[in-house]
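Have a look at the structure below, then the notes.
Just so it is clear: chains get the letters A, B, ... in the order the sequence lines come, proteins before strands, and each one is counted from 1. Because only heavy atoms are used, hydrogens play no part in the values below, and waters and symmetry mates are left out as well, while side chains stay in. Not measured: the values here are computed from a predicted model.
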2 protein chains.
Amino acid sequence: MMNIQPQKDANHVCASLVPIFSQLEPKQLCQVSNLVQRRSYSQGEIIALSKDKAEHIYIIHKGQLRFFHESPDGKGQTLYYLRQGDFFTEPGGNHFRKFSPVKAVALEDTQLCLLHKSDLKRILQEQPDVGINILEAILLQLRQIETLVASLSLRNAEQRLAAWLYQRMTHSGTPVPQGIKITVPFSRAEIAELLGTTQETVSRRLSLIWLTSIAR
Amino acid sequence: MMNIQPQKDANHVCASLVPIFSQLEPKQLCQVSNLVQRRSYSQGEIIALSKDKAEHIYIIHKGQLRFFHESPDGKGQTLYYLRQGDFFTEPGGNHFRKFSPVKAVALEDTQLCLLHKSDLKRILQEQPDVGINILEAILLQLRQIETLVASLSLRNAEQRLAAWLYQRMTHSGTPVPQGIKITVPFSRAEIAELLGTTQETVSRRLSLIWLTSIAR
DNA sequence: CGAACATTTGACGGGCTTCAAAAGTCGTGG
DNA sequence: CCACGACTTTTGAAGCCCGTCAAATGTTCG
């Protein structure tokens, strides 16, 4: 808001943060940046993915979003957390009608860049690598959520919790003398909504895992 | 096997069946067709999605596949059924290691067309619409599987079954040029593996739904 | 018919949710 | 520094949905 730097510089930073545009040259990044709209959301704000948004790709320039489903009685199921540099979009046409509504909530103050799909098409023409990048990124999301399906269906709460801890250990654990340290920036309730269970069950199963592991 | 028609004609049919190539002109379709490899699978054959396949896009030229996860004790969870004209692929790099293995089984004798991602990149350059088509198609898969996650987590068996029946009722058969009828086999066991439950539960809940509905 | 398979129905047990209360954690202000 | 309230976490108890095992009934096809 206070930033009155030249438009081009600020925009340049925006697109360069985004992995899917990593193959673009500075000049191209600049072109992209001039195409995007910006939107800001404050912490806690709900971003309903709806009809008018199907025409854009949404890139997270700053902040963090949690995507989730909600049941009529208020229980939530987290699908993913997306951060700076990640992107998301909706299927075009009227396909969105087929599916139950996904919601997103801003966990911090968040800025999104909106790129119209018709503009994306032009970028694809100049730099097909961008298309491959987008494809690969969505495929990762797809595999991740497929794994969640299998997990919910084929494993009990303790197995899901153990698998989740293990995954966090391997991907973001730091080795310490006692073993491997994982910092879990999630409350019991948040873990529960990731794993499709309740806070009480997470608490109980976690205490069992304490017993069989060496240190907490 | 008996078909000894000129290569180009047969290939032409192949690519033209595929929605993601719908914007290509006949000449381009022909070019695409010359790039693809073919593979055949007989009914019941397992197509393990693995490392060496990450470099291709797989297009179903003929037949039907069921994608699923399997637990150590043999219970299965169906992710989707894919048919003629659908496509699938694996994330490149070493990302596949992060996820539990998805398997696919051929429900009929099936032919796949393999298109290398580097070739796809060239096609994208000439016809960026193809990129958009692929994006849209995967987004639909993503939303579909997200809905399954929510369903497994937030609904009980009866609600999942009812929702599935309703969905089949509203847009059951998708009419295809050739008049391919959806003969996806739906025994109680298969419904169970779609909805993440058991045959017995499907049978029981179904009989309850009979009572409250008008006719079977 | 009879065998192989699919579906229904019964009975039981266990994991999980739900409701509820106790114990722990944290920040604020007297 | 401690007390207090708000919140999170733990623990308890009860009940139910659903998975499992098993047997009976229905269906299909040679």
Exercise. Are B:Leu112 and B:Phe88 close enough that some pair of their side-chain heavy atoms sits under 4.5 Å apart?
Worked result: yes
For this session: Could you check how far CG of A:Asn156 sits from P of C:dT17, rounded to whole Å?
Result: 11 Å
Seminar exercise, completed: In whole angstroms, the gap separating C1' of C:dC5 from CD of B:Glu190 amounts to 13 Å
For this session: Just compare D:dG19, D:dT11, C:dT18 and give me whichever is closest to any side-chain atom of B:Thr197.
Result: D:dG19
Problem set entry | Test side-chain hydrogen bond (donor to acceptor under 3.5 Å, both in side chains) applied to B:Gln111 and B:His61, B:Arg39, B:Gln84, B:Lys62, the passing residue | B:His61
Problem set entry | Check: B:Glu158 side chain, D:dC17 base, donor-acceptor under 3.5 Å | no
For this session: Taking the side chain as every heavy atom from C-beta outward, state whether B:Val102 and B:Phe68 have any pair of such atoms under 4.5 Å apart.
Result: no
Exercise. Quick one: B:Asp73 CG to D:dG19 C1', roughly how many Å, whole number?
Worked result: 11 Å
For this session: Between D:dT9, C:dT17, D:dG19, spot the one nearest the side chain of B:Thr198, thanks.
Result: D:dG19
Exercise. In terms of ring plane angle, is the pair A:Phe186 and A:Tyr81 parallel, tilted or perpendicular, where the classes change at 30° and 60°?
Worked result: tilted
Problem set entry | A:Glu200 side-chain proximity, nearest of C:dA20, C:dT7, D:dA22 | C:dA20
Seminar exercise, completed: A:Arg160 atom CZ is separated from C:dC16 atom C1', nearest whole Å, by 10 Å
For this session: Take atom NZ of B:Lys75 and atom P of D:dT20, then tell me their distance rounded to the nearest Å.
Result: 6 Å
For this session: Mind calculating the distance between CG (B:Leu154) and C1' (C:dC16) to the nearest angstrom?
Result: 15 Å
Problem set entry | Heavy-atom side-chain contact between A:Ile134 and A:Phe87 under 4.5 Å | yes
Exercise. What nucleotide, of C:dG15, D:dC18, D:dT9, holds the atom closest to the side chain of A:Ser203?
Worked result: D:dT9
For this session: Taking only the side-chain nitrogens and oxygens of A:Thr201, find out if one of them lies under 4.0 Å from OP1 or OP2 of C:dT17.
Result: yes
For this session: Grab the CZ-P distance between B:Arg188 and D:dG19 for me, whole Å please.
Result: 16 Å
Seminar exercise, completed: Here the distance between atom C1' of C:dT9 and atom CD of B:Gln199, to the nearest Å, is 14 Å
Exercise. Hey, does the side chain of B:Arg204 come within less than 4.0 Å of D:dG19's phosphate (OP1/OP2), counting only N and O?
Worked result: no
